[in-house]
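Quick notes on the structure that follows.
Both ligands and their constituent atoms are indexed starting at 1 by order of listing.
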Amino acid sequence: MEVSTAMWTAAVVGAAVIYWFVWVMGAAEVKGKRAVNLKMGSITRDKVQDKYKQYWSFFRRPKEDIAAASDGDKVPAFVDTFYNLVTDIYEWGWGQSFHFSPSLPGRSHREATRLHEERAADLIAAHAGQRVLDVGCGVGGPMRAIAAHSGAHVVGITINEYQVARARAHNRKAGLHDRCEVVCGNFLEMPFADASFDGAYSIEATCHAPRLEDVYREVFRVLKPGALYVSYEWVTTALYREDDARHVETIRGIEAGDALPGLRAQHEVAAVARRVGFEVVEELDLALLPAGSWWTRLKMGRIAYWRNHLLVSALTALRVAPKGVVEVHEMLYETARHLCDGGETGIFTPMHMILCRKPLVTPN
Ligand SMILES: C=C(CC[C@@H](C)[C@H]1CC[C@H]2C3=CC[C@H]4[C@H](C)[C@@H](O)CC[C@]4(C)[C@H]3CC[C@]12C)C(C)C
Ligand SMILES: C[S@@+](CC[C@H](N)C(=O)[O-])C[C@H]1O[C@@H](n2cnc3c(N)ncnc32)[C@H](O)[C@@H]1O
């Protein structure tokens, strides 16, 4: 073969490999978000690295410091920064539902996700004609599944403006915009009238609240008497031991990489719900056997993460992605490792389910 032919062949093969690597392999779980489109929410390109540093220095501290009265109030703003940094990476590498689900034999991750969401809708008996609240709705994966499954009108709230835009675009694309509404706001002070919802759910979102009481009290306020509320909570289990250095490292790693002001213990959740006035109907860790492990996909994704790391590094070097994306991606890789440890040791669950009812008559 002539040298020029060999060079042309190498160039064409090289271009094909890069195309495959970036545009095909780098495509999102749910088509729509690709590596070349990684933005960092509403943060301007030049501020990404600084914002990441600010985020990290806030959340890597011990939870006692974060929860201190003055810093507790700053948590929602840092959670907002976190979602500016991670929303596109989540959509690209995970899909439109930002939560875990028990793995189901013979079913895809997407199907298992949908069934976990539909389970929440069934628990609160959501149905057509109702107005249901999604507390911490992300980009609306659960909201669309629940609206489609139950026929209810779903209103989602998220602190992050960028997620609002993403969720609205997805709702329109799915043809569900007449039944799925998205509001930007703080779930600790919701812009909704008292007793204005027939039901509510929160999927892996209330863990961002510095005090669980504050979000549960708000949900209680906006629900009609007799309405049901279900929450999937991130908590430490009874197996967690504060005197075990490995346990502490795992939980700290989960908190720092997931914008959490301090994980609560499983046994605390029902007490909080009762304190704000709810009746507790049912409580169950949905991760318990015979449920398939929720961390399987995170563990299996190691090769994909390595590919993603190369991809974000290359895109940053080419200035397609802003500086700072590599650090954010590394933080997510680290937290994935801690989440897998938490799952395998059984000291942590992201799906402690609590089902509550607002009593028909609230005592004064
Ligand atoms: C409920 C929350 C988020 C839960 C999960 C949706 C996310 C937790 C950790 C995330 C990820 C970790 C590793 C990333 C990987 C390195 C990257 O290449 C592709 C995306 C990841 C898989 C990413 C996806 C979302 C998570 C699984 C919290 C925040 C309360
Ligand atoms: C891990 S995501 C889960 C999203 C969604 N429930 C899902 O499963 O796809 C957590 C969500 O809670 C929202 N959130 C966190 N703190 C909030 C607050 N104080 N007010 C409103 N939303 C908040 C985040 O913006 C994000 O949308």
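Protein residues with any heavy atom under 4.0 Å from ligand 2: V79, Y83, S97, F98, H99, G136, C137, G138, P142, T158, I159, Q163, G185, N186, F187, I203, E204, A205, H208.
With a 4.0 Å cut-off on non-hydrogen atoms, W234 touches ligand 1 through its side chain and not its backbone. Neither the backbone nor the side chain of H309 has any atom closer than 4.0 Å to an atom of ligand 1 (non-hydrogen atoms only). Neither the backbone nor the side chain of W306 comes within contact range of ligand 1; no heavy atom lies under 4.0 Å. Only side-chain heavy atoms of N308 come within less than 4.0 Å of ligand 1; its backbone N, CA, C and O stay farther off. At a heavy-atom cutoff of 4.0 Å, ligand 1 is contacted by no atom of V86, backbone or side chain. Contact annotation: for A304 versus ligand 1, there are no heavy atoms closer than 4.0 Å.
Within ligand 1, counting atoms from 1 as listed, the ones closer than 4.0 Å to a heavy atom of C207 are 30 (C). Applying the 4.0 Å criterion to heavy atoms of A336 picks out, from ligand 1, the atoms 12 (C), 13 (C). Taking every heavy atom of H99 and a limit of under 4.0 angstrom, the matching atoms of ligand 1 come to 6 (C). Of all atoms in ligand 1, listed by their number and element, those nearer than 4.0 Å to a heavy atom of D258 are 8 (C), 28 (C), 29 (C). Counting the atoms of ligand 1 from 1 in the order shown, those under 4.0 Å from a heavy atom of H208 are 30 (C).
For atom 27 (C) of ligand 1, the nearest non-hydrogen atom from the set F98, W94, Y232 comes from W94.
For R297, the closest heavy-atom approach to ligand 1 does not fall below 4.0 Å. Judged by the shortest distance from any of its heavy atoms, W92 lies outside the 4.0 Å radius around the atoms of ligand 1. Taking 4.0 Å as the cut-off, Y83 counts as a neighbour of ligand 1 on heavy-atom distance. Residue contacts with ligand 1 leave out V312, since none of its heavy atoms falls under 4.0 Å from the ligand. Ligand 1 is never approached by G301 to a heavy-atom distance shorter than 4.0 Å.
No hydrogens or angles considered: nothing links the side chains of H267 and E283 as a donor-acceptor pair under 3.5 Å. A donor-acceptor contact under 3.5 angstrom links the side chains of H99 and E117, judged on distance only.
Between F78 and W56, the distance separating the two ring centers is not shorter than 6.0 angstrom.
When hydrogens are left out, the protein atom nearest atom 16 (C) of ligand 1 is H329 NE2, 3.5 Å; that is the closest non-hydrogen contact. The nearest protein atom to atom 9 (C) of ligand 1, hydrogens excluded, is given as L339 CD1, 3.8 Å; this is a heavy-atom distance. Of the protein's non-hydrogen atoms, Y90 CE1, 4.1 Å is the one closest to atom 26 (C) of ligand 1. The shortest contact between atom 13 (C) of ligand 1 and any protein heavy atom is with L332 O, 3.5 Å. Regarding atom 21 (C) of ligand 1, its nearest protein heavy-atom neighbour is Y305 CE2, 4.5 Å.
Remark: side-chain polar atoms of R221 are paired, donor with acceptor, to backbone N or O of F192 under 3.5 angstrom. R168 places no side-chain N or O within donor-acceptor distance of the main-chain N or O of H177, the cut-off being under 3.5 Å. Side chain of E218 to main chain of M190: a donor-acceptor pair is present (N/O by atom type, distance under 3.5 Å, no hydrogens or angles). Judged purely by atom type and a 3.5 angstrom limit, Y55 uses its side chain to pair as donor or acceptor with the backbone of A259. Without hydrogens or angle criteria, T296 side chain to S293 main chain gives a donor-acceptor distance under 3.5 Å.
Under the side chain to side chain donor-acceptor pair (under 3.5 Å) criterion, the residue pairs touching residues 134-157 are Q96-R144, D122-H149, D134-Y201, R144-N171, H153-E181, with sequence neighbours excluded. Sequence neighbours left out, the pairs with a member in residues 253-270 that pass salt bridge (Lys or Arg N to Asp or Glu O under 4.0 Å) are R252-E255.
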Determine, step by step, whether F278 and F220 satisfy the ring-ring contact (aromatic ring centres under 6.0 Å, His included) criterion, reporting the C-alpha distance in whole Å, the side-chain angles of both residues, the deciding distance to 0.1 Å, and the verdict. CA-CA 7 Å; F278 279 119; F220 186 88; 5.1 Å; yes

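The minimum heavy-atom distance between P359 and E279, with the atom names listed, is CB-OE2, 3.6 Å.
Ring geometry for W234 versus F348: interplanar angle over 60°, hence perpendicular rather than tilted (30 to 60°). Taking the six-membered ring where the residue is Trp, H329 and W92 present tilted rings, their angle falling between 30° and 60°.
With contacts defined as side-chain heavy-atom distances shorter than 4.5 Å, the pair P261/K63 does not qualify.
The side-chain contact (heavy atoms from CB on, under 4.5 Å) check on A321 picks up L315, T316, V325, with sequence neighbours excluded.
Judged by the 6.0 Å distance and 45° axis criteria, R61 is positioned over the aromatic ring of F58.
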